[in-house]
Structures are given as C-alpha cells and as structure tokens.
Amino acid sequence: MLTERERQILEWIRQNPSISQQEIAQKAGISRSSVAVHISNLTRKGAILGRQYVLADRPYVVVIGGTNMDVSGKPSRALSQHDTLPGTVNVSAGGTARNVAHNLALLGSDVKLITAFGDDVRAKELSEQCRQLGIDVNHSITVPGAPTSTCLFIMDELGDMSLAIADMEMLGALTPAVLESRLDLISHAAACFVDANVSEESLRFIAENVEVPLFCDPVATTKAGKLRGLLGHFHTVKANLLEAQVLADMPIVDDASLSEAASRMLDTGLTRVIVTLGARGLYCADREGELRMPIIDAKVVSTTGAGDTMMAAVTWAYLQGETRLGTCAAGLAAAAISTESAQTVNPDLSAQRVRALMEGARKLEGGFAW
C-alpha cells in the first residue's frame, strides 16, 4: 500500500518519466536522499520498475459519492417513542462511497475516491484518515465554507437500523463538470462504484459517459428513483427489498414477484442485480440465472455499514474474476465480518478472512424460506 508522499512522487513521475531525483526533491521540499528512499520503496512495492522509472500500473477502482461523519445510537432496551433511553453512542467516519472505499482498501484494492469534503476540522480528519488507509483522495474536492456531511442513525436493541437522518446537501457540489474533468481517471479504472447520494444529473453523466464496469448502491428508497432509465448502463446494482421495488416499479411480496422484479431490471440491459433481504439473506440474478443464499451466522454487534461492506466485496469479487456464486459468497462473508464491530467499517476485514468464509458460504446456495 502506497503512502501519500509515494503517491505524490509517483504522479510526478507519470507526468515526467525523465524527472530527476533532485527535481523531485525540490518539488516536495525534501532532501535528495529522502527521495532516494521513496524511490526505493516504490520499486520494492512494484509501483516502478528499475532506474528508468518504468511504471507498473496497478488496476485501481474509482469510488464516487458521499463522505460524512456517522453518529449512531443503540439503546440497551427496546425503543419507545418520545423517551430518552440509556445506551451507547458511536461517532465514526461514514458515507456510502467512503465506506465502500475503506472496505476495498482493507481488501487490498487500490482505491481513488472522488467525493466532496467540507471545510472544517472534521473534514480534515476524514481526508487524513482516508490517506492513512491508502485511499487516494487527490481527485476529491473541498467545498469552501461548507460543514461536513453528517448522518444520524438510530438502531434498535439488536443493532438493526430503525431510522436514519442524512444531512448531505453539500454533495451537490460534485457536479457533472467536476466529474467531466476527472473522466480520464475514471475511464482508466478497472471498475467504478457510485452511490446515489450524488445528484441525478451527476449520476446520469456517469452512467452515460463511463464505459468501465459500473457498480451502484441506490442508498435509500428516496434516492433509488434517480436510477430509473439508467439501469442498463450498470454492471451490478445492489439494492435492499424496498429499493428493488422502486427500481422495478412493482411490489415484491413473494419469491415469484422477486424473480419478476429482477427480470424487469435485467431487461433494461443491467448485467446483474443483487437484492438483500435482511435476515433471510440475498437474491442474485443475471442473464445466466438466479440464486438465493442465506446469511452467514455472526456475533452481531451492529448492522450499520454491513450493506456498504457487502457492496465493496461484490466489487472486489468482480476484480478477482469470481462467478455469480463466488461474488454473492464474498458479499455475505464480508457483511458477516462487518456486523461483528460497533464501527461502521470493521478494521479486521481482510481478503484472507473473506476468502475463509466464502468457502462455507458457497455451500449455502439454494435458498431461504420467504
């Protein structure tokens, strides 16, 4: 995983492959000997090959969408209206796109995040945390004078989300014009994920102008409608049951209607759809068929962020060349690991842990009781 300074030096080398170490030192404001150490590290990590700075381009994923602070509250007993309850409150970095980027980084992927940061202390904390995780945020924007986006989650005593309020209007600054200026970067990615927190105009721009495999999470029923008329541009869309009903424009009440809804979405040209069904597991369909898989048992602490972790694993599985079954197994495995932490993203997630759980998950194909 490259450090922020190593990424910076690598970008200068990309721009000018004949640049000298002394010129790099002057740009960076560091000594030539320090540059030599960075060059040595880049060579050791396989980012450049030999003394002529031959670049070894590693496939990367571009992630576009929301970044915010998550504030989650979990009561110690059942929720009751108009009352103050004892419990725990946790504050952590969040936002669907940022969470997906974080999880992808933990899975070993090279990630470039395009998001809108606020102009306050919390935004600086968020961007610095991304850098420490190895996430490239050099192509993100900062909105002058804007506060950091925030999402408030209220969970029930079992750790399942009961209600959420998101203050993410600032993300409107991620306009089609901003994305167009980064189109070359996006077009050279191995895959691109976008969440529906971006504006409808920006989502349409991405759908109609990006040719690499596109992955999307509708985020919420109130935002799923943005994808209508655009589904055929995407490789994979992962939605929960309520979001799937919006996308298919029909009620889903049983197994038969679930299959019909998936067929409607696939008829648009969408390559694959994954519908998460809570404790019942997931349903997946593409042009080659469909499958149903139950969840993987876990010691659940919180389900907040599990969907984002699944989305990251689904994207990661595509990069690994996994089949439909392998992709769903990876998503379920990563989601199970996610729920074992109070944090939105479980820091213990890794490709090794996901692969270990995938083997058992593959054997679970065959379904669940509706």
Side-chain angles (χ1 to χ4, degrees), residues 156 158-162 196 214-232 234-298 300 303-315 317-318 322-339 354 357-370:
D156 62 22
L158 300 177
D160 291 323
M161 187 182 75
S162 178
L214 280 171
F215 294 73
C216 184
D217 190 318
V219 178
T221 55
T222 55
K223 299 178 181 181
K226 297 178 185 178
L227 287 167
R228 286 187 182 138
L230 301 177
L231 285 177
F234 290 87
H235 181 281
T236 299
V237 169
K238 180 196 72 67
N240 64 27
L241 185 62
L242 295 176
E243 293 160 355
Q245 291 181 119
V246 173
L247 296 176
D249 194 24
M250 63 170 285
I252 301 174
V253 296
D254 54 24
D255 200 54
S257 56
L258 178 58
S259 292
E260 182 183 347
S263 294
R264 285 193 182 189
M265 287 184 269
L266 294 175
D267 285 345
T268 66
L270 177 67
T271 302
R272 179 175 291 161
V273 59
I274 296 174
V275 181
T276 56
L277 301 165
R280 284 176 292 189
L282 65 74
Y283 167 89
C284 179
D286 57 24
R287 294 181 180 86
E288 297 179 359
E290 59 182 8
L291 63 78
R292 297 158 180 79
M293 298 178 71
I295 62 171
I296 297 174
D297 290 334
V300 177
T303 61
T304 301
D308 298 340
T309 303
M310 177 182 284
M311 187 73 251
V314 165
T315 308
Y318 168 81
E322 286 288 349
T323 61
R324 179 180 65 239
L325 176 59
T327 296
C328 292
L332 287 168
I337 295 169
S338 171
T339 63
V354 169
L357 284 178
M358 281 174 65
E359 294 311 307
R362 290 176 195 271
K363 302 174 184 178
L364 298 175
E365 180 190 5
F368 46 77
W370 183 272

Is the side chain of [X] donor-acceptor paired with the backbone N or O of [Y] at a distance under 3.5 Å, no angle test?
X	Y	answer
Glu290	Cys284	no
Glu243	Pro218	no
Thr303	Ala306	no

Checking Glu288 now: which residues fulfil salt bridge (charged side-chain N to carboxylate O under 4.0 Å, His left out) with it, not counting sequence neighbours?
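None.
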Looking only at heavy atoms, what is the nearest atom pair of [X] and [Y], with distance?
X	Y	result
Ala335	Thr309	N-CG2, 4.3 Å
Asp217	Met311	CB-SD, 4.2 Å
Thr327	Val314	CG2-CG1, 3.7 Å
Leu247	Ala239	CD1-CB, 4.1 Å
Cys328	Leu291	SG-CD1, 3.8 Å
Leu270	His235	CD1-O, 3.8 Å

Please determine whether side chain to side chain contact (heavy atoms under 4.5 Å, CB included) holds for the pair Lys238 and Asp308, giving the CA-CA distance in whole Å, both sets of side-chain angles, and the decisive distance to 0.1 Å.
CA-CA 10 Å; Lys238 180 196 72 67; Asp308 298 340; 6.0 Å; no
Do any pairs count as a side-chain hydrogen bond (donor to acceptor under 3.5 Å, both in side chains) and have a residue in residues 260-279, sequence neighbours left out, and if so which ones?
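Only Arg272-Asp286 qualify under side-chain hydrogen bond (donor to acceptor under 3.5 Å, both in side chains).
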Do Ile274 and Tyr283 have side chains that approach each other closer than 4.5 Å (heavy atoms only, starting at C-beta)?
no
Side chain to side chain, Leu332 and Leu282, heavy atoms closer than 4.5 Å:
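A side-chain contact under 4.5 Å exists here.
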Evaluate Tyr318 against Phe215 for ring pair (Phe, Tyr, Trp, His ring centres under 6.0 Å), listing each step before the verdict.
CA-CA 10 Å; Tyr318 168 81; Phe215 294 73; 5.4 Å; yes
Provide the full list of salt bridge (charged side-chain N to carboxylate O under 4.0 Å, His left out) pairs with a residue in residues 219-228, sequence neighbours left out, each pair given once.
none
Please assess Val300 against Leu158 for the test side chain to side chain contact (heavy atoms under 4.5 Å, CB included), listing each intermediate value before the final yes or no.
CA-CA 8 Å; Val300 177; Leu158 300 177; over 6 Å; no
Decide side chain to side chain contact (heavy atoms under 4.5 Å, CB included) for Leu258 and Val275; before the verdict, give the C-alpha distance in whole Å, the side-chain angles of both, and the deciding distance to 0.1 Å.
CA-CA 9 Å; Leu258 178 58; Val275 181; 4.2 Å; yes
What distance do Met250 atom CE and Met265 atom CE have between them, rounded to the nearest 0.5 Å?
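Here the rounded value is 9.0 Å.
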